[in-house]
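First up is the structure itself, then whatever we jot down about it.
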2 protein chains.
Amino acid sequence: MKRPVTIRQVARRARVAPSTVSRVLSDEGRISEETRRRVRRALAELDYYPNSAARGLVNGASGRLGIMLSRTAAYGDSHALLPELLRGIGSRAARSGYDLLLASGESMLEELSSLDRLLQGKRVDGVVLFGSGEDDPLLDRLEESSLPFVRIGRHQFRERVPSVDTDNRLAAREAVRHLAELGHARIGFVLGPRGLTSSWDRLEGYEQALREIGVEPAEMWLLEGDGLSFGALRTLSLFLGQPNPPTALIVGDDRLGIFVLRTLVELRVPVPERLALVAFNSSSIADWTIPSLTSLDVGIDQIGTASVDLLLRLCEGEAPTPRSRIVPHRLVARESTLGVKPPASAP
Amino acid sequence: MKRPVTIRQVARRARVAPSTVSRVLSDEGRISEETRRRVRRALAELDYYPNSAARGLVNGASGRLGIMLSRTAAYGDSHALLPELLRGIGSRAARSGYDLLLASGESMLEELSSLDRLLQGKRVDGVVLFGSGEDDPLLDRLEESSLPFVRIGRHQFRERVPSVDTDNRLAAREAVRHLAELGHARIGFVLGPRGLTSSWDRLEGYEQALREIGVEPAEMWLLEGDGLSFGALRTLSLFLGQPNPPTALIVGDDRLGIFVLRTLVELRVPVPERLALVAFNSSSIADWTIPSLTSLDVGIDQIGTASVDLLLRLCEGEAPTPRSRIVPHRLVARESTLGVKPPASAP
DNA sequence: CTGAAAGCGCTTACAG
DNA sequence: CTGAAAGCGCTTACAG
């Protein structure tokens with residue numbers, strides 16, 4: 001537990017004043033080449049690292065970004081997307097010299113106090129909010145605070161909140177187009193969690209795309225994911241039992257996709273032969289199901305990096321226009337639409 | 001962006017010295033009830049929050065814990081366990097008044113520099129290491145540093161590293177016992193990632209338990225998860241083609257379990273009728289497969305909270321014995337051993 | 001019981 | 001180009 005080296009010790013060894021060391025460190029102010037060299041040397045020899053608290057105190061900035069993980073709204077796929085998101089955010093933040101402070105809670109109350117803590121005492125310079133629902137109190141709290149923040153996922157009713165998102169309407173249209181190319185025309189839709197704007201955006205894109213290929217969306221083709229946990233068997237068999245039933249289904253997110261898949265297996269409905277499936281997010285789990293799920297990759301790591309970029313601009317007092325950012329997506333075609341490849345011949 | 005309230009402003013309003021405010025805050029030193037009340041009032045009226053940098057500077061402690069996410073060793077199920085782990089850690093840390101700093105990287109090099117950054121400049125008071133392999137350089141770096149740290153998962157060859165883990169041997173024995181109770185005697189085993197001590201512990205427990213029920217482990221019953229990605233079909237059909245093949249298989253972790261399951265589906269081997277399956281970790285994905293996976297729940301949230309507890313004791317200079325902690329596990333029986341329930345009658 | 005002062009490690013005008 | 005000084009917001013001996 002040796003005491004860390006301070007700027008004074010470096011100064012003494014380099015035979016200069018502490019302020020000079022500081023200047024060398026921040027690389028500003030004129031410094032003679034000779035002095036600079038001496039200081040650099042002392043810095044290295046002593047293995048100096050600046051004390052972040054001291055810096056923060058004088059700068060008035062913490063050099064930290066907060067990420068608030070909302071769990072109460074543990075909607076949809078946020079769990080599966082989290083690891084990659086954190087990595088994207090962390091890596092970008094580090095590159096800009098920022099540390100990442102994590103806030104979360106096991107109940108809404110804990111989350112709120114965790115966020116409050118984050119917002120007070122100069123702990124962070126800005127916040128990324130992930131996994132929050134539309135009516136999440138966390139969002140209100142952030143808006144009241146004076147700290148800059150970015151939300152992952154746009155908010156239907158709060159256009160002014162800076163956000164980073166996929167173009168979910170476009171993504172849904174791509175899903176429809178993919179299915180249309182495979183010969184499907186009667187395409188159903190399962191709405192994702194009602195509390196997420198993305199669910200509605202995807203629905204909108206789906207309906208629009210259907211019309212674009214000359215098909216009128218039918219009410220009977222629409223299911224609700226939120227209600228599905230109970231009576232899924234009944235709901236789906238009614239769905240498939242209607243006259244001229246859909247031959248394909250677009251599902252709000254991967255988790256829901258897996259649930260639908262499970263139910264179809266129980267109903268002995270072959271996927272994709274009788275019903276093709278497209279989901280959203282392409283989280284790692286989409287690859288693990290049987291058959292694997294065709295899904296729209298939202299590029300969660302890019303969402304992470306883009307949100308840090310946006311947040312840092314806000315931290316610097318800029319007011320970027322547009323206030324929000326769109327990250328490109330990509331359809332990943334898998335077995336739930338393409339079919340299962342014949343098994344490699346076993347010996 | 002209003003300036004935050006400082007202790008001086010509170011002092012002025014309460015008509016006392018800053019030091020008195022500080023004493024009220026920390027609740028130490030004799031303070032008259034009257035003064036205390038006045039200060040409390042001013043504190044509340046001004047909505048004061050202590051500046052964490054200033055505190056850190058004088059205390060010499062940051063009030064932060066670091067969590068290093070090793071990804072290079074993106075072994076096994078660590079992804080699936082991460083969200084719950086973070087929540088457990090975060091919640092416990094918050095309760096003890098600590099913030100959580102996240103370090104990660106997209107390559108080994110980035111991870112190392114991320115860790116270095118964490119260890120320097122008094123950023124954190126201690127570190128939790130998660131997801132590291134046995135030969136991970138991160139571990140060396142942590143051992144060289146003077147900061148206290150705890151590793152999640154014990155290390156076979158470094159008994160002195162404080163760690164928190166499940167009793168994997170015991171867990172494996174429970175898996176065997178579960179299968180034995182269902183009538184299985186010929187039980188195979190798929191070794192998890194070689195780079196994880198847990199894999200070997202589980203193997204050990206498996207072999208011991210087998211002997212306990214009077215069955216001699218056969219070499220032919222043992223498979224290696226690491227080599228399975230290529231030629232899984234061939235390997236598994238050979239495995240099942242041997243005379244008197246196993247009727248059950250214990251698999252190193254959930255991810256591997258899913259992979260094996262997939263392969264069995266392709267081979268048209270019914271699970272659990274012809275081959276029952278038990279996996280480890282009981283991450284959320286174990287619930288989503290078809291059939292769902294019987295798995296040993298390692299209680300990742302408890303591992304999280306226990307590691308914070310242990311770490312905080314280390315931070316306070318204690319040398320707890322034992323240096324490591326064991327967290328209880330629990331077998332969660334699902335369809336891959338119990339069989340699929342007959343589908344509820346559909347209308 | 002309370003206050004004035006020093007100091008934590010840094011940065012940044014201000015002189016020179 | 002370089003140094004001495006003040007100050008960021010807090011805590012903690014030291015007086016009284």
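Order of the sequence lines fixes the chain letters, A, B, ..., with proteins taken first and strands second; residue numbering starts at 1 for each chain.
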Exercise. Would A/E110 and B/R87 pass as an ion pair if we require N to O under 4.0 Å?
Worked result: no

For this session: Rounded off to whole Å, could you give me the CG-to-C1' distance for the A/L46 and C/dG9 pair?
Result: 15 Å

Distances for protein N/O vs nucleotides 2-6 of chain C N/O pairs under 3.5 angstrom?
from, atom 1, to, atom 2, distance (Å)
C/dT2, OP1, B/S32, OG, 3.1
C/dT2, OP1, B/T35, OG1, 2.3
C/dT2, OP2, B/S32, N, 3.0
C/dT2, OP2, B/T35, OG1, 3.2
C/dG3, OP2, B/A17, N, 3.0
C/dG3, OP2, B/T20, OG1, 2.7
C/dG3, N7, B/R23, NH1, 3.4
C/dG3, O6, B/R23, NH2, 2.4
C/dA4, N6, B/S19, OG, 3.0

Problem set entry | Any pair counted as salt bridge (Lys or Arg N to Asp or Glu O under 4.0 Å), so long as it reaches residues 149-160 of chain B, sequence neighbours left out | B/D140-B/R158, B/E143-B/R158, B/R154-B/E159, B/R154-B/D201

Exercise. For the pair made of CG in A/L25 and P in C/dT11, what is the distance, rounded to whole Å?
Worked result: 6 Å

Problem set entry | All side-chain contact (heavy atoms from CB on, under 4.5 Å) counterparts of A/D116, not counting sequence neighbours | A/R141

Exercise. Rounded to the Å, how far apart are B/R123 CZ and C/dC10 P?
Worked result: 12 Å

Problem set entry | With B/E84 via side-chain contact (heavy atoms from CB on, under 4.5 Å) - residues at least two apart | B/I300, B/D301

For this session: Could you identify which residues of residues 51-63 of chain B place a heavy atom less than 4.0 Å from some atom of DNA chain C, listed by residue number, or say none?
Result: B/L57, B/V58

For this session: Not counting sequence neighbours, list each pair that qualifies as a salt bridge (Lys or Arg N to Asp or Glu O under 4.0 Å) and has a residue in residues 8-21 of chain B.
Result: B/R13-B/E45

For this session: Whole angstrom is fine here: how far is it from OH in A/Y49 over to P in C/dC10?
Result: 14 Å

Exercise. What residues, two or more places apart in sequence or in another chain, satisfy side chain to side chain donor-acceptor pair (under 3.5 Å) together with A/E34?
Worked result: A/R38

For this session: State the dot-bracket string of DNA chain C. Criteria: Watson-Crick or G-U wobble, both atom distances under 3.5 angstrom; notation: ( ) intrastrand, [ ] crossing earlier pairs, | interstrand, . unpaired.
Result: |||.||||||||.|||

For this session: Before giving the answer on side chain to side chain donor-acceptor pair (under 3.5 Å), spell out for A/R95 and A/S91 the whole-Å C-alpha distance, their side-chain angles and the decisive distance to 0.1 Å.
Result: CA-CA 6 Å; A/R95 211 162 301 166; A/S91 167; 3.0 Å; yes

Exercise. With sequence neighbours excluded, what pairs up with B/A94 under the side-chain contact (heavy atoms from CB on, under 4.5 Å) test?
Worked result: none

For this session: Establish, with yes or no, whether the OP1 or OP2 oxygen of C/dC10 is under 4.0 angstrom from a side-chain nitrogen or oxygen of A/Y48.
Result: yes

Exercise. If you look only at pairs with a residue in residues 54-67 of chain B, which of them pass as a side-chain hydrogen bond (donor to acceptor under 3.5 Å, both in side chains), with sequence neighbours excluded?
Worked result: B/S62-B/D125

Problem set entry | Protein-nucleotide distance (A/Q9, atom CD; C/dC10, atom C1'), rounded to Å | 14 Å

For residues 18-26 of chain B, run the donor-acceptor check on the side chains, cut-off 3.5 Å, and write out each pair with its distance to 0.1 Å, sequence neighbours left out.
from, atom 1, to, atom 2, distance (Å)
B/S26, OG, B/S22, O, 3.2
B/S26, OG, B/R23, O, 3.4

For this session: Return the set of residues passing side-chain contact (heavy atoms from CB on, under 4.5 Å) with B/R325 (not counting sequence neighbours), or none when no residue passes.
Result: B/V164, B/D309, B/L310, B/R313

